[in-house]
Amino acid sequence: ISRPALAAQFLQAARRREASAGVDVQEGGWGEGEEADEVRLRWAFGEAKRLLAANAAAQQALQDQMAAGASVGGSVLLLEERLKGRWGSV
């Protein structure tokens with residue numbers, strides 16, 4: 001991510017949206033505050049890094065296809081084929 005602060009801003013916006021929609025923000029730990037958000041964000045960035053490393057070949061194929069001007073549908077098909085069997089039914 002070129003701007004990691006965006007993730008924290010997204011989390012804060014999600015919390016405000018949940019609160020304004022009448023959702024109990026305490027459920028699921030949403031009301032825990034910035035320290036808990038920091039832990040969530042560290043976990044999310046680590047998980048994203050792990051997933052990208054585990055799927056580097058699919059990511060590179062997708063980048064190449066997108067650079068060549070592939071359609072969204074073609075990109076989805078590529079990912080479905082590359083990831084088939086990795087997460088159940090894709």
Side-chain angles (χ1 to χ4, degrees):
I1 287 186
S2 60
R3 292 179 23 195
L6 287 177
Q9 292 169 1
F10 175 78
L11 198 52
Q12 291 167 353
R15 182 179 290 108
R16 285 191 304 272
R17 174 79 171 133
E18 295 290 322
S20 69
V23 174
D24 181 4
V25 295
Q26 297 300 323
E27 187 174 325
W30 280 94
E32 294 173 357
E34 290 184 25
E35 187 174 314
D37 285 353
E38 182 65 30
V39 171
R40 282 187 188 91
L41 292 172
R42 275 186 271 147
W43 174 84
F45 284 126
E47 189 68 8
K49 185 177 178 181
R50 185 191 66 76
L51 286 169
L52 286 171
N55 297 289
Q59 178 192 8
Q60 185 60 53
L62 179 61
Q63 284 179 260
D64 294 344
Q65 190 161 333
M66 290 174 72
S71 68
V72 171
S75 298
V76 169
L77 287 174
L78 170 79
L79 288 175
E80 285 178 345
E81 188 60 37
R82 292 292 183 118
L83 301 177
K84 186 180 273 184
R86 295 196 66 180
W87 292 308
S89 60
V90 178

*asked:* Quick one: does any side-chain atom of Gln65 pair with a main-chain N or O of Leu78 as donor and acceptor, under 3.5 Å?
replied: no
Does one hydrophobic cluster hold both Leu79 and Met66, with members joined at side-chain heavy-atom distances below 4.5 Å? yes
One should read off an interatomic distance between Leu83 CG and Asn55 CG, to the nearest 0.5 angstrom, of 5.5 Å
field: Ion pair check, Glu38 and Arg42, cut-off under 4.0 Å
entry: yes
For Arg82 and Ala57, the nearest pair of non-hydrogen atoms, with its separation, is NH1-O, 3.6 Å
Output for pair (Lys49 NZ, Leu51 CG), nearest 0.5 Å, gives 13.0 Å
* Asked: Do the side chains of Glu81 and Leu77 get nearer than 4.5 Å, heavy atoms only?
  -> no
